[in-house]
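Please read the structure below before turning to the comments.
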Amino acid sequence: MRLVNFRKGSESGFGVERDGKIFPVASAGYGSDADFFAGGEQALAAARALSHDITAEQFPIDEVQLLAPVLKPGKILCIGLNYRDHAVESGMEIPTVPTVFLKLPNAVTHPGTDIVLPANSQQPDYEAELAAVIGKGGKDIRAEDWEQHVLGYTILNDVSARDVQLATSQWTLGKSFDTFCPLGPAIVTTDELSDPHSLEIQLAINGETLQHSNTRELIFKLPQLIAHLSAIVPLEPGDVISTGTPAGVGLGREPKRWLKPGEEIVIRIAGIGELRNRTIAASV
(Lines give C-alpha, C1' and ligand atoms only; values in the text may rest on other atoms or scores of the structure.)
Protein backbone atom coordinates (compact mmCIF):
# COMPACT_ATOMS: atom_id res chain seq x y z
CA MET A 1 0.00 0.00 0.00
CA ARG A 2 0.90 3.64 -0.42
CA LEU A 3 0.06 5.62 2.72
CA VAL A 4 -0.26 9.40 2.54
CA ASN A 5 -1.12 12.49 4.50
CA PHE A 6 -3.27 14.87 2.47
CA ARG A 7 -5.12 18.16 2.56
CA LYS A 8 -8.40 18.62 0.72
CA GLY A 9 -9.73 22.13 1.02
CA SER A 10 -9.65 23.03 4.69
CA GLU A 11 -9.62 19.40 5.80
CA SER A 12 -6.63 17.10 6.22
CA GLY A 13 -6.32 13.40 6.90
CA PHE A 14 -4.42 10.15 6.42
CA GLY A 15 -5.24 7.50 3.90
CA VAL A 16 -4.32 5.05 1.17
CA GLU A 17 -3.36 6.13 -2.34
CA ARG A 18 -4.51 3.53 -4.89
CA ASP A 19 -5.17 3.72 -8.62
CA GLY A 20 -5.14 7.51 -8.66
CA LYS A 21 -7.54 7.82 -5.73
CA ILE A 22 -7.25 8.59 -2.02
CA PHE A 23 -9.14 6.44 0.50
CA PRO A 24 -9.25 8.20 3.91
CA VAL A 25 -8.97 5.95 6.95
CA ALA A 26 -10.75 8.29 9.37
CA SER A 27 -13.90 6.15 9.10
CA ALA A 28 -11.91 3.27 10.58
CA GLY A 29 -10.95 5.42 13.57
CA TYR A 30 -7.57 6.71 12.38
CA GLY A 31 -7.90 10.46 12.11
CA SER A 32 -4.18 11.17 11.89
CA ASP A 33 -0.95 9.50 10.90
CA ALA A 34 0.00 9.18 14.58
CA ASP A 35 -3.26 7.31 15.28
CA PHE A 36 -2.56 5.02 12.35
CA PHE A 37 1.03 4.27 13.33
CA ALA A 38 -0.09 3.42 16.85
CA GLY A 39 -2.76 1.07 15.43
CA GLY A 40 -0.24 -1.48 14.18
CA GLU A 41 -1.44 -4.49 12.23
CA GLN A 42 -5.09 -3.69 12.93
CA ALA A 43 -4.71 -0.28 11.26
CA LEU A 44 -2.97 -1.83 8.24
CA ALA A 45 -5.76 -4.39 7.83
CA ALA A 46 -8.42 -1.68 8.06
CA ALA A 47 -6.65 0.49 5.49
CA ARG A 48 -6.24 -2.43 3.12
CA ALA A 49 -9.94 -3.28 3.38
CA LEU A 50 -11.07 0.32 2.82
CA SER A 51 -8.89 0.73 -0.26
CA HIS A 52 -10.65 -2.24 -1.89
CA ASP A 53 -14.16 -1.24 -0.85
CA ILE A 54 -15.93 0.44 -3.79
CA THR A 55 -18.45 1.96 -1.38
CA ALA A 56 -15.78 3.59 0.82
CA GLU A 57 -15.16 7.34 0.75
CA GLN A 58 -12.67 8.17 -1.97
CA PHE A 59 -11.62 11.04 -4.22
CA PRO A 60 -9.16 11.65 -7.05
CA ILE A 61 -5.60 12.34 -6.02
CA ASP A 62 -5.51 15.50 -8.15
CA GLU A 63 -8.09 17.02 -5.80
CA VAL A 64 -5.71 16.94 -2.82
CA GLN A 65 -2.37 18.33 -1.75
CA LEU A 66 -0.04 15.59 -0.55
CA LEU A 67 1.65 16.35 2.75
CA ALA A 68 4.68 14.73 4.34
CA PRO A 69 3.61 11.14 5.13
CA VAL A 70 4.92 11.58 8.69
CA LEU A 71 3.95 15.04 9.93
CA LYS A 72 5.53 15.05 13.38
CA PRO A 73 8.05 12.24 13.75
CA GLY A 74 9.21 11.73 17.30
CA LYS A 75 12.73 11.10 16.03
CA ILE A 76 14.44 11.59 12.69
CA LEU A 77 17.57 9.46 12.98
CA CYS A 78 20.00 10.02 10.13
CA ILE A 79 23.06 8.06 9.07
CA GLY A 80 26.08 9.92 7.73
CA LEU A 81 28.73 8.62 5.36
CA ASN A 82 26.74 5.45 4.70
CA TYR A 83 27.65 5.04 1.03
CA ARG A 84 31.29 4.22 0.47
CA ASP A 85 31.65 6.65 -2.44
CA HIS A 86 30.16 9.51 -0.38
CA ALA A 87 32.60 8.93 2.49
CA VAL A 88 35.47 9.06 -0.02
CA GLU A 89 34.26 12.27 -1.68
CA SER A 90 33.87 13.86 1.78
CA GLY A 91 37.50 13.07 2.58
CA MET A 92 36.52 10.95 5.58
CA GLU A 93 37.43 7.42 6.58
CA ILE A 94 34.97 4.60 5.90
CA PRO A 95 33.07 4.28 9.19
CA THR A 96 33.28 1.09 11.23
CA VAL A 97 30.20 2.01 13.27
CA PRO A 98 27.22 4.04 11.98
CA THR A 99 27.62 7.81 12.12
CA VAL A 100 24.32 8.98 13.62
CA PHE A 101 22.90 12.50 13.82
CA LEU A 102 19.46 14.04 14.16
CA LYS A 103 17.24 16.24 12.08
CA LEU A 104 14.71 18.01 14.30
CA PRO A 105 11.00 17.64 13.48
CA ASN A 106 10.57 21.35 12.68
CA ALA A 107 12.56 20.70 9.49
CA VAL A 108 9.87 18.45 7.95
CA THR A 109 8.18 19.85 4.86
CA HIS A 110 5.90 18.48 2.17
CA PRO A 111 6.18 17.32 -1.43
CA GLY A 112 5.92 20.31 -3.74
CA THR A 113 6.60 22.93 -1.08
CA ASP A 114 9.53 25.32 -1.04
CA ILE A 115 12.89 24.72 0.60
CA VAL A 116 13.83 28.03 2.19
CA LEU A 117 17.53 28.83 1.88
CA PRO A 118 18.47 30.72 5.06
CA ALA A 119 20.32 33.99 4.98
CA ASN A 120 22.81 32.78 7.60
CA SER A 121 24.20 29.97 5.44
CA GLN A 122 26.19 30.34 2.24
CA GLN A 123 26.57 26.59 1.63
CA PRO A 124 23.15 24.91 1.37
CA ASP A 125 23.43 21.37 -0.01
CA TYR A 126 21.19 18.47 -1.10
CA GLU A 127 21.18 14.77 -0.21
CA ALA A 128 18.90 12.09 -1.69
CA GLU A 129 18.07 9.40 0.86
CA LEU A 130 15.92 6.32 1.38
CA ALA A 131 14.09 6.54 4.71
CA ALA A 132 12.41 3.77 6.71
CA VAL A 133 9.35 4.54 8.86
CA ILE A 134 9.00 2.52 12.05
CA GLY A 135 5.68 0.74 12.54
CA LYS A 136 6.22 -1.45 15.58
CA GLY A 137 8.33 0.08 18.32
CA GLY A 138 10.96 -1.74 20.29
CA LYS A 139 14.18 -1.71 22.28
CA ASP A 140 17.16 -4.00 21.73
CA ILE A 141 15.73 -5.26 18.44
CA ARG A 142 17.70 -8.15 16.97
CA ALA A 143 19.08 -7.59 13.47
CA GLU A 144 17.23 -10.68 12.19
CA ASP A 145 13.92 -9.22 13.42
CA TRP A 146 14.28 -5.81 11.76
CA GLU A 147 11.50 -6.30 9.18
CA GLN A 148 8.89 -6.79 11.93
CA HIS A 149 9.47 -3.19 13.00
CA VAL A 150 9.35 -1.35 9.65
CA LEU A 151 6.04 -0.02 8.35
CA GLY A 152 7.44 1.07 5.01
CA TYR A 153 9.73 3.36 3.05
CA THR A 154 9.73 6.91 1.75
CA ILE A 155 12.08 9.54 0.28
CA LEU A 156 13.92 12.14 2.36
CA ASN A 157 16.01 15.08 1.17
CA ASP A 158 18.61 15.71 3.87
CA VAL A 159 19.11 19.39 3.04
CA SER A 160 22.20 20.62 4.86
CA ALA A 161 23.79 23.98 5.62
CA ARG A 162 27.39 22.80 5.30
CA ASP A 163 29.00 25.88 6.85
CA VAL A 164 26.80 25.53 9.94
CA GLN A 165 27.05 21.72 9.99
CA LEU A 166 30.84 21.60 9.80
CA ALA A 167 31.56 24.54 12.09
CA THR A 168 31.55 22.00 14.95
CA SER A 169 31.63 18.22 15.32
CA GLN A 170 27.87 18.23 16.03
CA TRP A 171 25.81 18.21 12.83
CA THR A 172 22.23 18.57 14.08
CA LEU A 173 21.75 22.35 13.81
CA GLY A 174 23.15 22.49 10.29
CA LYS A 175 20.60 19.84 9.30
CA SER A 176 17.55 21.29 11.04
CA PHE A 177 16.65 24.66 9.54
CA ASP A 178 12.94 24.97 8.78
CA THR A 179 12.05 23.12 5.52
CA PHE A 180 15.37 21.19 5.50
CA CYS A 181 13.59 17.80 5.59
CA PRO A 182 11.35 17.34 2.55
CA LEU A 183 9.61 13.98 2.99
CA GLY A 184 7.35 11.93 0.76
CA PRO A 185 5.40 11.53 -1.37
CA ALA A 186 4.13 8.36 0.35
CA ILE A 187 5.07 5.53 2.66
CA VAL A 188 5.26 2.38 0.57
CA THR A 189 4.54 -0.52 2.90
CA THR A 190 6.88 -3.49 3.21
CA ASP A 191 4.46 -5.91 1.56
CA GLU A 192 4.71 -3.85 -1.62
CA LEU A 193 8.44 -3.09 -1.44
CA SER A 194 10.05 -6.18 -0.02
CA ASP A 195 13.75 -5.43 -0.57
CA PRO A 196 14.90 -1.88 0.28
CA HIS A 197 18.51 -2.81 -0.44
CA SER A 198 18.29 -3.00 -4.24
CA LEU A 199 16.66 0.29 -5.22
CA GLU A 200 17.92 2.77 -7.78
CA ILE A 201 18.23 6.24 -6.25
CA GLN A 202 18.92 9.50 -8.07
CA LEU A 203 18.68 13.26 -7.65
CA ALA A 204 18.45 15.90 -10.35
CA ILE A 205 18.45 19.69 -10.13
CA ASN A 206 16.83 21.55 -13.02
CA GLY A 207 17.02 18.34 -15.03
CA GLU A 208 20.73 17.65 -14.41
CA THR A 209 21.40 14.35 -12.66
CA LEU A 210 23.84 14.92 -9.79
CA GLN A 211 23.40 11.74 -7.73
CA HIS A 212 22.78 8.25 -9.12
CA SER A 213 23.38 5.03 -7.20
CA ASN A 214 21.67 1.99 -5.75
CA THR A 215 20.82 1.21 -2.13
CA ARG A 216 22.79 -2.03 -2.43
CA GLU A 217 25.84 0.25 -1.94
CA LEU A 218 24.86 1.11 1.64
CA ILE A 219 27.65 0.34 4.12
CA PHE A 220 25.26 -0.28 7.03
CA LYS A 221 21.94 -1.71 5.93
CA LEU A 222 18.68 -1.58 7.84
CA PRO A 223 19.14 -4.77 9.90
CA GLN A 224 22.37 -3.36 11.35
CA LEU A 225 21.00 0.15 11.75
CA ILE A 226 17.83 -0.91 13.56
CA ALA A 227 19.77 -3.19 15.91
CA HIS A 228 22.39 -0.49 16.58
CA LEU A 229 19.93 2.34 17.17
CA SER A 230 17.46 0.36 19.27
CA ALA A 231 20.25 -0.84 21.55
CA ILE A 232 20.66 2.80 22.60
CA VAL A 233 17.22 4.44 22.23
CA PRO A 234 13.81 2.82 21.92
CA LEU A 235 12.29 3.07 18.46
CA GLU A 236 8.67 4.20 18.38
CA PRO A 237 5.89 4.11 15.76
CA GLY A 238 6.36 6.96 13.30
CA ASP A 239 10.10 7.37 13.91
CA VAL A 240 12.08 7.91 10.71
CA ILE A 241 15.48 6.38 9.94
CA SER A 242 17.17 8.04 6.97
CA THR A 243 19.81 5.71 5.59
CA GLY A 244 22.34 8.12 4.08
CA THR A 245 23.20 9.60 0.71
CA PRO A 246 25.38 8.48 -2.21
CA ALA A 247 28.17 10.46 -3.88
CA GLY A 248 27.43 13.59 -5.89
CA VAL A 249 26.48 16.09 -3.18
CA GLY A 250 27.52 19.70 -3.63
CA LEU A 251 30.16 19.48 -0.90
CA GLY A 252 32.00 16.73 -2.76
CA ARG A 253 32.16 18.50 -6.11
CA GLU A 254 34.90 20.71 -7.54
CA PRO A 255 33.93 23.45 -7.72
CA LYS A 256 31.44 23.12 -4.85
CA ARG A 257 27.84 23.10 -5.99
CA TRP A 258 25.57 24.88 -3.50
CA LEU A 259 21.82 25.28 -3.83
CA LYS A 260 20.54 28.57 -5.24
CA PRO A 261 17.06 30.12 -5.19
CA GLY A 262 14.78 29.10 -8.03
CA GLU A 263 16.02 25.53 -8.51
CA GLU A 264 13.85 22.42 -8.74
CA ILE A 265 15.15 19.33 -6.92
CA VAL A 266 13.72 15.96 -7.94
CA ILE A 267 14.63 12.78 -6.06
CA ARG A 268 13.54 9.45 -7.50
CA ILE A 269 13.72 6.08 -5.79
CA ALA A 270 12.53 2.98 -7.62
CA GLY A 271 9.31 1.58 -6.18
CA ILE A 272 8.51 4.74 -4.23
CA GLY A 273 8.23 7.53 -6.79
CA GLU A 274 9.58 11.04 -6.80
CA LEU A 275 9.88 13.92 -4.36
CA ARG A 276 9.89 17.40 -5.92
CA ASN A 277 10.71 20.68 -4.20
CA ARG A 278 11.84 24.13 -5.28
CA THR A 279 14.27 26.42 -3.51
CA ILE A 280 13.58 30.04 -2.53
CA ALA A 281 15.60 32.61 -0.66
CA ALA A 282 14.53 33.44 2.87
CA SER A 283 12.64 36.71 3.08
CA VAL A 284 14.65 39.41 4.79
Side-chain angles (χ1 to χ4, degrees), residues 1-6 12-19 21-58 61 64 66-77 105 108 130-156 183-199 215 221-243 269 271-273:
M1 287 187 297
R2 296 178 61 86
L3 302 171
V4 296
N5 272 306
F6 64 89
S12 59
F14 191 74
V16 179
E17 174 196 341
R18 179 173 176 267
D19 296 335
K21 297 180 180 179
I22 302 292
F23 295 80
V25 294
S27 61
Y30 306 106
S32 68
D33 59 357
D35 292 340
F36 188 88
F37 301 147
E41 289 296 329
Q42 184 175 343
L44 280 168
R48 192 170 290 111
L50 278 172
S51 68
H52 289 83
D53 181 355
I54 61 173
T55 67
E57 181 187 10
Q58 55 188 275
I61 192 171
V64 309
L66 292 182
L67 306 178
V70 188
L71 291 176
K72 294 182 179 179
K75 295 186 286 294
I76 307 171
L77 297 157
V108 170
L130 171 73
V133 180
I134 296 299
K136 177 183 176 184
K139 182 78 164 62
D140 296 317
I141 298 167
R142 299 185 306 167
E144 57 265 37
D145 295 333
W146 71 277
E147 288 179 290
Q148 300 174 25
H149 295 268
V150 176
L151 172 64
Y153 309 97
T154 191
I155 303 171
L156 186 148
L183 194 64
I187 300 168
V188 179
T189 54
T190 55
D191 60 331
E192 187 168 322
L193 205 168
S194 60
D195 183 5
H197 303 116
S198 63
L199 304 177
T215 56
K221 295 181 169 61
L222 280 165
Q224 297 161 284
L225 293 176
I226 287 174
H228 177 73
L229 293 167
S230 70
I232 299 167
V233 296
L235 298 179
E236 300 171 311
D239 283 351
V240 175
I241 300 173
S242 200
T243 57
I269 299 182
I272 300 176

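Residues: numbered from 1 along the sequence shown.
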Checking side chain to side chain contact (heavy atoms under 4.5 Å, CB included) for the pair Ile76/Leu183: CA distance, chi angles, key distance, verdict? CA-CA 11 Å; Ile76 307 171; Leu183 194 64; over 6 Å; no
Worked verdict on Leu193 versus Leu199 for side chain to side chain contact (heavy atoms under 4.5 Å, CB included): CA-CA 10 Å; Leu193 205 168; Leu199 304 177; 3.8 Å; yes
Please evaluate residues Leu66 and Ile61 with respect to the criterion side chain to side chain contact (heavy atoms under 4.5 Å, CB included), reporting the C-alpha separation (whole Å), side-chain torsions for both, the decisive distance (0.1 Å), and the verdict. CA-CA 8 Å; Leu66 292 182; Ile61 192 171; 4.3 Å; yes
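Counting heavy atoms from C-beta outward, Val133 and Leu3 have side chains that stay 4.5 Å or more apart. Taking 4.5 Å as the limit, every side-chain heavy atom of Asp19 sits out of range of all side-chain heavy atoms of Lys21. Side-chain contact between Ile241 and Ile134 is present, with at least one heavy-atom pair separated by less than 4.5 Å. Ile226 is listed as a side-chain neighbour of Val150, based on a closest heavy-atom distance under 4.5 Å.
The two residues Thr215 and Ser198 have their closest heavy-atom pair at OG1-N, 3.1 Å. Minimum interatomic distance between Val70 and Gly238 (heavy atoms only, all atoms of both residues): CG1-O, 3.4 Å. Across all non-hydrogen atoms, the minimal contact from Thr154 to Pro185 is OG1-N, 4.3 Å. Taking each heavy atom of Asp195 and His197 in turn, the nearest pair found is OD1-N, 2.9 Å. In this structure, Pro196 and Trp146 approach most closely via the heavy-atom pair CG-CH2, 3.9 Å. Taking both residues in full, the closest heavy atoms of Ile22 and Val4 are given as CD1-CG2, 3.8 Å, listed atom of the first, atom of the second, then distance.
Rounding to the nearest 0.5 angstrom, the gap separating the NE2 atom in His149 from the CG atom in Asp239 is 12.5 Å. Note that CD1 of Ile269 is 5.0 Å distant from CG of Leu130, once rounded to the nearest 0.5 Å. With values rounded to the nearest 0.5 angstrom, Glu147 atom CD is found 9.5 Å from Leu222 atom CG. In this structure, the separation between OG on Ser27 and CG on Leu50 is 4.5 Å, given to the nearest 0.5 Å. To the nearest 0.5 Å, atoms CG (Leu77) and CG (Leu225) are separated by 10.0 Å. Remark: Asp145 CG to Asp140 CG distance equals 12.0 Å, nearest 0.5 Å.
Around the CD atom of Gln42, the shell of radius 6.0 Å holds no more than 12 heavy atoms that belong to other residues, nucleotides or ligands. The environment of Glu41 atom CD is sparse: at most 12 non-hydrogen atoms of other residues, nucleotides or ligands sit within 6.0 angstrom. Counting non-hydrogen atoms of other residues, nucleotides and ligands closer than 6.0 Å to NZ of Lys139 gives a total above 12. Few gaps surround NZ on Lys221; more than 12 heavy atoms of other groups in view lie less than 6.0 Å from it.
At distances below 3.5 Å, not a single donor-acceptor pair connects side-chain atoms of Asp33 with backbone N or O atoms of Asn5. At distances below 3.5 Å, at least one donor-acceptor pair connects side-chain atoms of Arg18 with backbone N or O atoms of Ser51. In this structure a side-chain-to-backbone donor-acceptor pair under 3.5 Å is present from Glu192 to Met1. Using modelled atom types, one side-chain atom of Gln58 and one backbone atom of Ala56 make a donor-acceptor pair closer than 3.5 Å. A distance-only check finds a donor-acceptor pair linking the side chain of Arg2 to the backbone of Ile272 [under 3.5 Å]. Judged by distance alone, with hydrogens and angles left aside, the side-chain atoms of Ser230 form no donor-acceptor pair with the main-chain N or O of Gly138 at under 3.5 Å.
Under the 30°/60° scheme for interplanar angles, the aromatic rings of Tyr30 and Phe36 are found to stand perpendicular.
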